[in-house]
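Structure, as structure tokens:
Worth knowing before you read on, the calculation uses all heavy atoms, side chains too, and leaves out hydrogens, waters and symmetry mates. Chain identifiers are assigned alphabetically (A, B, ...) following the order of the sequence lines, protein sequences preceding nucleic acid strands; residue numbering begins at 1 within each chain. Everything numeric in this text was worked out from a predicted model, so none of it was measured.
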Amino acid sequence: MQNYIYKQLLLAIKKLNYPLVEFHLEKPRLPTHGDVSCTVVLTLAKMLSKPPREIASAIVNNLLLDNSIIKSVEIAGAGFLNFRFADSAIIEESKNILKLNNNFGKSDLKKNKKVNLEWVSANPTGPLHSGHGRQVCLGGVIANLLEWIGYDVTREYYFNNAGNQMKLLADSIFARYNEVCGLKINFPENGYQGLYIQTIAEEIKNKFGSELSRQSLDGNGKPLFQTFGEEWCFENIKKTLHKLNIHHDLFYNEDSLYSSGKIDDVISQLRQKDLIYEEEGALWFRTTKFGFDKDRVVVKSTGEPTYRLPDIAYHREKFVRGFDLLVDIFGADHIATIPDVLAGIEALGFDKNKVKVIIHQMVSFVDGEEVVKMSKRNAKVYTLDELINDVGIDAVYYFFIMRSANTHLEFDILLAKKQSEENPLYYVQYAHARIASILRFAEDEKIKISPNELLQFSKLNLIEAKEEIDLLKVLLEFPLMIESSAEMCEPHRLPTYLHQVAEAFHRFYHNHRVISENKNLTIARVALCLMTKIVLSNSFKILNVSAPERM
RNA sequence: GUGCCCGUAGCUCAAUUGGAUAGAGCAACAGCCUUCUAAGCUGUAGGUUGCGCGUUCGAUUCGCGCCGGGCACACCA
């Protein structure tokens, strides 16, 4: 219907020989302003310096509209064109929901396009903590959204298991190991304090006995404490991710960038472009050429690269692997590293506009009134596993996704735990459970409830009440909503939308009986219920939230 | 000190990317269950969008300057 209006507007503008400006249709905030609104007149008025209302009426007079699709056009306010859909068109289009069922909302907008989504990427030095949850969930939902608009999505995890941090992990475990074995040893300065270190130490003692030294090797000839610690941490991280239904396609090891010579490649390419120079024994990247206040070190005087170099090499590698879009998700604490990487790939001749970086702000946890302390120094870290145990997977997803990534988030654990009307998650899930219950009731009354049969037998033109039509309108917004939230990588629009769906449904339910003496009307309304259920459960699937049949 | 993000109803947050009278939930108040799930519905109240300039037909949104909060500012990752 939107496309139809757009096309007709374009025809009218052409016919009047007005300049072909870019314009789009939007949904007005107020229902009294119609179903779709357009501001093209205001843009034209400026260019032609004519009164907007004059242009508006010229366009309306030249607009050829099929009145079985569009009920009315109005000129309003400063020159808005407000369109109203005909009920018959809404009903006709709603049949798509039944037809497409689980696929309603999917599009092939980005068919044959490849996207790489990299997120989580925590190094294997400990379990994921609750703050990681925001990124974990954001990525999980964004990946689904991208798939829904047709992208071929590679879910990727970038990690580093070399360097000082891993030695420190091994040292920390070794210290606890000695402690467990009854020996005393000084705990390394800045060592990992978490209780999990002791758990790992105990497992090592149980498996290998208490005679190990720091240099001991495992069965494959690798340093035992480091390898065991790394694997333990990685298993722990993956287990948590799997609980949240997240499965990465690829774990990309930073180390492979060195062994394959890709790091050296980047340096020599940058050197060729005269973007690298040596000073005080270090290699510097001329970031000042890209608008930075000073140049940055990429190889330290010790010969070791800084984090920038592998990050740049990694992104170059992703370009080489042939993606149309690269999406990175970072917490606000990593914001400083992003410009360096973008400058790097630009320097190497790649289009930095193909990289979309999503930055989410920090999360604070509140348990009712009390602020949950999240100190890294403290041994008591609130892990993501604990959060999942406390509030459940559905609430973890819903609460992290509910708010735009760009704002500081307050996660109320007490509220997330509550099984009451205060909790926004239950409002939308309840709508689904309610529909499921109605459909069970309908089935008992020998009414068919399969999408195909409803498509075939229901007389949808019996749907005419305001609450029914309003509900259909909301349901039909679903595909566009998916499209925009996927393209903008803004999953928080989904919960906002879901609330509208649930609200429209509850209002309909409250005002009209679904199953009544009137057989044909009953079947039409059962179809309406099923349509709502389809939209709800498709949304839940994207959000990784369950669609309860009973509550 | 420098850079990035945020500031919207008592609280937590939206606002279709510059649109019309700034909207939801919770909390507060007043109503609605012998019939398909009351975890629901209806209504009332709640605002100088931190403050001040500017840009224009039009600003919560863009620019500049303050105020307040968060996060970064290494030859750490």
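Nucleotide B/C71 has B/G3 as its partner under the Watson-Crick or G-U criteria, with both atom distances under 3.5 Å. With both pairing distances under 3.5 Å, B/U34 is matched to nothing as a Watson-Crick or G-U wobble pair. In this structure, B/C13 forms a base pair with B/G23, meeting either the Watson-Crick or the G-U wobble geometry with both donor-acceptor distances under 3.5 Å. B/C53: Watson-Crick or G-U partner is B/G63, with both key distances under 3.5 Å.
Counting any heavy atom pair closer than 4.0 Å across all strands shown, A/Y509 reaches a base atom. Contacts of A/A76 with the nucleic acid, taken as non-hydrogen atoms under 4.0 Å apart, include base atoms. Within the 4.0 angstrom heavy-atom criterion, only backbone atoms of the sugar-phosphate kind lie near A/N160; the bases stay farther away. Residue-level contact check: A/A282 touches the bases, meaning some heavy atom is under 4.0 Å from a base atom. Among the heavy atoms of the strands, none lies under 4.0 Å from A/P310. Counting non-hydrogen atoms under 4.0 angstrom, A/A433 reaches a base of the nucleic acid. Within the 4.0 angstrom heavy-atom criterion, no nucleotide atom of any strand lies near A/Q165. At a threshold of 4.0 angstrom between heavy atoms, the contacts of A/R550 include nucleobase atoms, whether or not backbone atoms are also involved. Heavy atoms of A/E443 sit nowhere under 4.0 angstrom from any nucleic acid atom. Heavy atoms of A/R403 sit under 4.0 angstrom from at least one base atom. If you check every strand for non-hydrogen atoms under 4.0 Å, A/M481 touches nothing. Among the protein residues, A/E483 comes within range of no part of the nucleic acid, since none of its heavy atoms lies under 4.0 Å from any strand. Within the 4.0 angstrom heavy-atom criterion, base atoms lie near A/H512. At the heavy-atom level, A/H33 lies under 4.0 Å from base atoms of the strands shown.
Two residues, A/E280 and A/S516, neighbour RNA chain B, and the one matched to the more 5' nucleotide by heavy-atom proximity is A/S516. For the pair A/P305 and A/H506, both in contact range of RNA chain B, the more 5′-proximal nearest nucleotide belongs to A/H506.
On a pure distance criterion of 3.5 Å, a polar donor-acceptor pair joins the side chain of A/S37 and the base of B/A20. Side-chain atoms of A/H408 and base atoms of B/G7 include no donor and acceptor less than 3.5 Å apart. Judged by distance alone, with hydrogens and angles left aside, A/S301 brings a side-chain donor or acceptor within reach of the base of B/C75, the pair sitting under 3.5 Å. The base of B/A20 sits within donor-acceptor range of the side chain of A/N82, with an N or O pair under 3.5 Å.
Classified by interplanar angle (parallel below 30°, tilted 30° to 60°, perpendicular above 60°), the ring pair A/F234/A/F251 is perpendicular. Relative orientation of the A/H132 and A/H129 rings is tilted, given thresholds of 30° and 60° on the angle between their planes.
A/Y314 and A/E156 share a side-chain donor-acceptor pair at under 3.5 Å. Residues A/Y382 and A/D390 have side chains that bring a donor and an acceptor to within less than 3.5 angstrom of each other.
Judged by the 6.0 Å distance and 45° axis criteria, A/R434 is not positioned over the aromatic ring of A/F505.
Residue A/R29 contributes atom CZ, which lies 10 Å from atom P of B/U17 at whole-angstrom precision. Residue A/F285 contributes atom CZ, which lies 18 Å from atom P of B/A74 at whole-angstrom precision. In this structure, the NE2 atom of A/H24 is 9 Å from the P atom of B/G18, given to the nearest Å.
Looking at A/H432, its side chain never comes within 3.5 Å of a backbone N or O of A/V428 through a donor-acceptor pair.
Here A/Y307 does not pack flat against the base of B/A77, since the 5.5 angstrom centre distance and 30 degree tilt limits are not both met.
Contact between the side-chain N/O atoms of A/K300 and the OP1/OP2 oxygens of B/C76 is found at a separation under 4.0 Å.
Listed candidates were B/U56, B/A72, B/A39. Nearest to the side chain of A/Q419 is B/A39.
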Any chance you could lay out the side chain to side chain contact (heavy atoms under 4.5 Å, CB included) test for A/Y398 and A/L498, step after step, and finish with the verdict? CA-CA 11 Å; A/Y398 207 79; A/L498 274 177; 4.3 Å; yes
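Using atom C1' as the reference point in both B/A59 and B/G18, the two lie 7 Å apart (nearest Å).
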